[in-house]
Amino acid sequence: MIPVAEARARILDGVAPLPSEMVGIGQALGRVLAADVAARLTQPPADVSAMDGWAVRAVDLAPLPATLRRIGEAPAGRPFAGTVGPGEAVRIFTGAVLPAGADTVVLQEDCDEAGGAVTVRESGGRGRWVRPAGLDFRAGEIGLAADRRLTVRDLALAAAMNVPWLAVRRRPRVAILATGDEVVMPGDPVGPGCIVSSNGLALAALVEREGGLPVSLGIAPDDPAALAGHLAAAAGCDLLVTTGGASVGEHDLMRQALAAPGTRLDFWKVAMRPGKPLLSGRVGEVPVLGLPGNPVSTLVCALVFLRPLLRALQGLPPDDGPALRARLATPLAANDRRQDYLRAGLERAADGSLLARAFPKQDSSMLSALAAAGCLIVRPPLAPTAPAGTEVEIIPLDGF
Ligand SMILES: Nc1nc2c(c(=O)[nH]1)N[C@H]1C(S)=C(S)[C@@H](COP(=O)(O)OP(=O)(O)OC[C@H]3O[C@@H](n4cnc5c(N)ncnc54)[C@H](O)[C@@H]3O)O[C@H]1N2
Ligand code: MOO
């Protein structure tokens with residue numbers, strides 16, 4: 001058994017970001033930007049009004065009230081062609097270009113218009129309600145830096161910068177293969193002693209959520225030749241993830257499959273619970289992550305190893321931030337040699353801090369407990385008895 005940190009390092013060793021491709025901004029949400037994005041224009045392109053009101057010269061406003069002559073109108077998108085001279089004002093609207101000669105906007109609520117004149121009662125002073133050219137960004141400025149997962153706000157900025165296409169990392173193609181004679185597809189008849197393949201669907205969902213493209217290879221029976229055929233079908237993918245058949249029984253065939261010519265086994269067994277019999281290797285050119293079959297083991301291993309790998313393939317750091325911490329709501333017994341990932345509820349204490357409450361049952365077949373959990377409590381190997389209140393590392397499960 002190797003430690004979790006070593007297994008992660010070996011899985012991530014030498015993983016390079018996938019090549020980039022161009023997509024329209026409408027298709028870019030959640031994709032990882034592969035190159036810096038520079039603004040193609042200056043925003044606002046000129047000094048503009050931030051309010052509906054009057055474009056004036058500040059020098060004409062002393063003393064107040066001041067009556068000015070209306071010489072025209074500047075709606076948004078239709079700049080006023082003339083120049084505001086002494087004693088003159090232009091009716092202006094939010095977003096419209098400030099006419100030449102004017103340096104200030106006064107609110108229409110602070111003015112009275114009568115005939116061809118406007119009387120200004122109040123003003124915020126020179127430059128008030130004017131957005132200077134380039135307030136938001138200037139042409140050529142980098143608005144979005146490479147290696148970020150594009151959010152709704154990022155796409156709004158790209159659009160405002162008039163950049164309709166973005167270079168993003170290609171989505172990792174992840175082949176997913178369930179194994180086991182007893183495993184059936186969701187919705188199919190379930191024979192005696194059989195189990196529905198929750199793992200395949202859950203992994204596909206996780207791959208999608210992390211920006212990958214899942215490719216289902218179905219279910220391989222517990223037969224070496226059939227399994228080899230299914231594994232070979234992953235050719236052309238960036239990664240193959242299998243579930244089941246990773247343990248020690250005669251029907252657990254993954255290790256044997258990774259001993260065949262053209263395959264390689266890098267390591268087997270990690271000091272963790274759940275998830276001990278994890279394998280890592282290659283089938284031809286395709287890296288393989290062999291996850292244990294127990295549904296909770298599959299998903300915890302996917303969180304700990306597959307998620308960082310998918311992030312690395314897209315040019316992101318393995319974790320999306322520093323580890324989170326919470327206090328224990330109940331005591332925990334001393335741990336053995338395996339790093340534990342305990343399913344736990346997550347609550348807010350009265351002082352606003354996080355409280356993690358480990359579930360009493362931690363069986364790695366129990367998807368109901370995993371679905372009910374708010375976090376996993378990470379217990380390092382050989383951690384001593386921990387009384388309630390002890391601070392521990394947690395992996396939040398929201399959205400997962
Ligand atoms: N003598 C030992 N037995 C076991 C050991 C051990 O060290 N010595 N390790 C145990 C641990 S820990 C785990 S985890 C499991 C993992 O074994 P496998 O990866 O070989 O998984 P299977 O035996 O194929 O299946 C385990 C369990 O999960 C169910 N399963 C399988 N595939 C799916 C799927 N796609 N969807 C839902 N459920 C699935 C399967 O029916 C079994 O119930 O081994 C222990 N044994
Ligand atoms: O790793 Mo197994 O996941 O302990 O059940």
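Note that the numbering runs from 1 along the sequence shown for the chain. What's counted below: heavy atoms across the whole structure, side chains too, no hydrogens, waters or symmetry copies. Bear in mind the structure is a predicted one, so any value in this text is a computation, not a measurement. Note that ligands are numbered from 1 as they come in the structure, with each ligand's atoms numbered from 1 the same way.
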Could you tell me whether R337 atom CZ has more than 12 heavy atoms of other residues or ligands within 6.0 Å of it? no
Indicate, as side chain, backbone, both or neither, the part of R338 found under 4.0 angstrom from ligand 2 when only non-hydrogen atoms are considered. side chain
Counting from 1, what ligand 2 atoms have a heavy atom of N294 closer than 4.0 Å? 5 (O)
Could D340 and R338 be called an ion pair, given the rule that one side-chain N must be under 4.0 Å from one carboxylate O? no
Between the main-chain N or O of G127 and the side-chain N or O of T104, is there a donor-acceptor pair closer than 3.5 Å? yes
At under 4.0 Å between heavy atoms, what of S364 touches ligand 2? The answer is side chain
Any carboxylate oxygen within less than 4.0 angstrom of a Lys/Arg side-chain nitrogen, looking at R148 and D154? yes
For atom 1 (O) of ligand 2, what is the closest protein heavy atom, and at what distance to 0.1 Å? G275 N, 2.4 Å
Do E347 and R327 sit within salt-bridge range, that is, some charged N less than 4.0 Å from a carboxylate O? no
Between R91 and D52, is the closest basic N to carboxylate O distance under 4.0 Å? no
With heavy-atom distances below 4.0 Å as the criterion, list the atoms of ligand 2 near K276. 1 (O)
The answer, listing residues by chain and number that come under 4.0 Å of ligand 1 through any heavy atom, is A178, T179, E182, V183, I195, V196, S197, S198, N199, T243, G244, G245, A246, S247, V248, D252, K276, P277, P292, G293, N294, P295, S297, R338
Any atoms of ligand 2 less than 4.0 Å from a non-hydrogen atom of P274? List them with their elements. 1 (O), 3 (O), 4 (O)
Thinking salt bridges, do R325 and E393 make one under a 4.0 Å N-O criterion? no
Does atom CZ (R78) have a neighbourhood of more than 12 heavy atoms from anything else shown, all under 6.0 Å? no
Among protein heavy atoms, which lies nearest atom 3 (O) of ligand 2, and at what distance? S297 OG, 2.3 Å
Charged N-O contact under 4.0 Å between D103 and R126: yes
